[in-house]
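Below: the structure, in structure tokens.
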Amino acid sequence: MKILVPIKLSYDINQMKYDERTGEPILDAVPMIMGDMDRCAIEAALRLKESLGGTVEFLSIGSRDTHNKMMMDAYAMGCDKGYLIEVDNYKELNAYSVAYLISKFAEKYGPYDIIILGNTSQDTHSSIVPPAVSSLLSYSSAFGIDKINVEDGEYVFEATYEDGIYVFKLRPPMVISVTTEANTPRIPTLKDILRAKRMKYDILKPSDLDVELELARVNISSIKRFATPRRGEMIEVDSDEDVEKAVDRIVELLKEAEII
Amino acid sequence: MYLEFSEDEELFREAVREFSKRYIEPIWVEVDEKGRLPMDLIKRMGEQGLFAIPVSDEFGGVGGSLTMAAIATEEIAYHDPAVAIAVYALLQNGWPMALDQFGSDELKSMILPEVASGDAFFGIASTEAHGGSDVAGIKTFAEKVDGGWRVNGEKVYISGVREVLELPTGGGWFLVSKTGSRDYGHRNISAFALVPRWKGDVKDGFEPTVFEEIGRGGLSTGGFKLNNFVVDEKFLIGEEGKGFYYVMQGFNIARILVSAACIGSGRWALDQAKEWLTTRKLFQGRKLSSFQGINFKFAELYTELEAARLFTYRAARLADKIYIERKPGYKPQDLNVPVAMAKLKAPETAIRIYEEVLKWFGAYGYTKESNVYRGWLGTFSYVIGAEGGQNIMRIIIARDVLGKENIRS
Amino acid sequence: MNIFCFIEDSSWVPVFEHFYKLLSGTELSGLTLSKEIAMEVAKYFDKTYLLNSTYSPRIIMDAFKYILSQAKPQIALFPSTNKGRAAAGIYMGLTGLPLYTDVYSVDVEGNKFLVNRLVYGGTASATISVESDFALAVLKGSYKEKPQSRFGEIVPLDIEPDYTVQFKAREVSGNDPSSADIVVVAGRGIKKREDMKLIEELAGLTGGAWSVTRPLAADYRWADQWIGISGLTVSPKVYIAFGVSGQPHHLMGARGAKYIIAVNTDREAPIFEESDLGIVGDLYKVLPRLIDKLKEKV
């Protein structure tokens, strides 16, 4: 079985920094990492390989300078082969271009039995690249998967959505996306890292995939810290009187909001 | 030297950080409180390859570097500021590395794989009741007998006594003992792998005791009497009479890692302070961090911590050139002063940070709830003298800079 | 502008109506997956495609292929929900059109649309300039516009339902955080499962709904759904949290609330930075007293 895991280098949103005056993000100061769900996608792929055999390949889009560490990380986790599609200003690529490059890659380097992605990236959390890849390739698909089971060659995926639990039964070839509920990713050991350091990944250009069209980019006109203005009233509760005071304020606010 | 880490070192730091967040941070307070290192954590750390990092893979080690071991120690200490878990890890990197450097292949292939997997402990047994810093004055004596040695003596303030008794395989220590003559001096000192328990019962003639300490709860400290304890000759480390030379190199290695633990713990304390100072408001809404009396001090401590960090990693890089890469022109004694400076700076900086942070936290800092005191008590063991007293560090530096003959009293 | 919508359920009708007007729509069509929903929403749509099947990506893909073969909508709208995003992604793959999710508003500037969307865990808003032919997955918000009556046709699609997918609906307990005016939320500060009774009691007394943070649902299994980026996004009048620290992934699902009230012992908890009323104290003292007080009033 041949599995492909496309991964994205994302901003670590837990370390977002904003200019206090303009409210603009200071992106140069924000570390870039492999997203949590991408890591779960690799873990899911490795577990399938461990139980069913096969190879796990991974793919990213970006530049050697910024992506090298993440590529090493994917190898350290246990992937067999890595590819990097070199694109200048990869951060500006729109979601369609990303999905398109992935599908073109899969056509040329595949066929892959399973393409596993993180359900959502760490920074833009759109969850739209995996379904777009599935419709570009016309593969079966299931998204936002929390549980994976394989029964007699049939893959059983469970996902929790707003209205309830869905169970999808699919057969390869397929595109799936996983959430952080799907597994707890392994932490590479130093031995794994030292081994990964010696592994090379293939570098290709969009033109190697016969991608002729100009890759579409996102035309962002501004980006700013987003916060609903809040009153920020604080009450410290130490004594029983403080409890009364706090409860009274809550009740007042509930009245103001016409709850009671 | 400009301190820069390679991508694999950064990746390793992230991996240790993730491991520590997952398995250490949730339990460090409980470990300190209860004074017990969970055996399953030790096993897990072994599986993750956090022990025997600078030991060659031929003998079950990771085949990494001392710099990597320092990175691991620093990150573990950040998530275990009371440092018991960090110190356990550093001991299981430093002394296995020393054994790897000086021991026979037979000894190494017996002990090191078990230490690497977390099934056995291998620490240091040097200190005696008369004082730890005076290694030349030790009284423990190993008498040559047929096929081995008969050892008598007593060691105190030894880490890992309970762990050797409780771990699946057991373990022991890098023991220094007089051989040949009992005279004062360092030429009649030899090093042994003292293994009182290995896949079975405790051997005869080993009488352990465990002490209770004020901090760093979890890692046991104790002592033992050796009463006609018989050591097979294969347990002699290197050559007879060279033990002092070996143990001093072992201390250099361990001191680098001790410094890394202090840096990690100190960094945690400063991060706690940063959060506190920038959010706590006093005197009609002024942030604590807006007072120069506080932010100047913070800036100083931050700078000192960074200095200690530079000293530590410079020494680690140098140690790698000597012991791991074995670069021509680098000698073990080159390490003495860089290590002494790191060990002088890091623990004292950590303590200075804790004393200030505790004060910034005010009454809260004095409560058990804040947990800051745990880091203070934990790192304090390293200004007292574990892995070499601070005045010994000063002597090493003064001797080198001023000249041996000029500092003699 | 010819606008097409993926109608997950009828609660999205006012939302789509809002964006339809904003984007100067001239024709409104939509896809539904149940007859019941189709009957209800057809009143407000010019054309309602009906595919009577449980949701699955395969069904969505087949339906879109058919619809796109019949008409080329200039704008497509989707809910920013799990199924909505998947449908939007499938649509993007089929059409190649630019698609933006987590959209909370659109400004019109000449012949351009400035799309405002949340990024970076909901901590930032990006404004993206688009012209014609695009797709948006929009956040629910609380739009009060009464939809315009259109009474369009229902067009059943001749596509075989997906029989491989199984669906287990969330228990209908009357507890619906998505539509409640007040949502009472429990975080890790709630020590025992029994204590959830207090949370439910407060929700009952205020005529609202209750929910939890991810660890309580996913790790402790105290609930089957949670608020946050991987769970529900709510926009009630009041969101009141007990023992919730306010991690970015949780707050993302709560920011739509008009008022945020938080009770937590940890004064450093990030939730306080985004609260209208923050109470630093023991929820086990505040919550029972609040319940008593509300009972007195009743």
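Naming: A, B, ... by sequence-line order, numbering from 1 per chain.
- Other residues, nucleotides and ligands place more than 12 heavy atoms under 6.0 Å from the NZ atom of C:Lys237.
- Using a 4.5 Å heavy-atom cutoff, the side chains of A:Ile250 and C:Ile279 are in contact.
- Side-chain contact check for A:Tyr18 versus C:Thr123: some heavy-atom pair is nearer than 4.5 Å.
- In this structure, a donor-acceptor pair under 3.5 Å is absent between the side chains of A:Gln122 and C:Tyr120.
- For C:Ile90, the parts lying under 4.5 angstrom from a heavy atom of chain A are both the backbone and the side chain.
- With contacts defined as side-chain heavy-atom distances shorter than 4.5 Å, the pair A:Val247/C:Val286 qualifies.
- Contacts of C:Leu114 with chain A are made by side-chain atoms alone, with heavy-atom separations under 4.5 Å and no backbone atom involved.
- Side chains of A:Tyr166 and C:Lys83: a donor on one and an acceptor on the other come within 3.5 Å.
- Residue C:Thr164 touches chain A through both its backbone and its side chain, counting heavy-atom pairs closer than 4.5 Å.
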Can you list, pair by pair, the side-chain donor-acceptor contacts under 3.5 Å of residues 109-118 of chain A, counting residues two or more places apart and other chains?
{"from": "A:Tyr112", "atom 1": "OH", "to": "A:Glu57", "atom 2": "OE1", "distance (Å)": "2.6"}
{"from": "A:Asp113", "atom 1": "OD2", "to": "A:Lys2", "atom 2": "N", "distance (Å)": "2.7"}

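- Using a 4.5 Å cut-off between heavy atoms, C:Ser178 does not touch chain A at all.
- Using a 4.5 Å heavy-atom threshold, the side chains of C:Thr127 and A:Ile223 count as separate.
- Residues C:Ile128 and A:Val218 meet the side-chain proximity criterion, which asks for heavy atoms closer than 4.5 Å.
- Remark: C:Tyr104 engages A:Phe226 in a ring pair (Phe, Tyr, Trp, His ring centres under 6.0 Å) (not counting sequence neighbours).
- In this model, no donor atom of one side chain and acceptor atom of the other lie less than 3.5 Å apart for C:Tyr91 and A:Ser135.
- At a heavy-atom separation below 4.5 angstrom, chain C is approached by A:Phe168, A:Lys169 within residues 168-177 of chain A.
- Under the side chain to side chain donor-acceptor pair (under 3.5 Å) criterion, the residue pairs touching residues 277-290 of chain C are A:Glu244-C:Arg289, C:Asp195-C:Tyr284, with sequence neighbours excluded.
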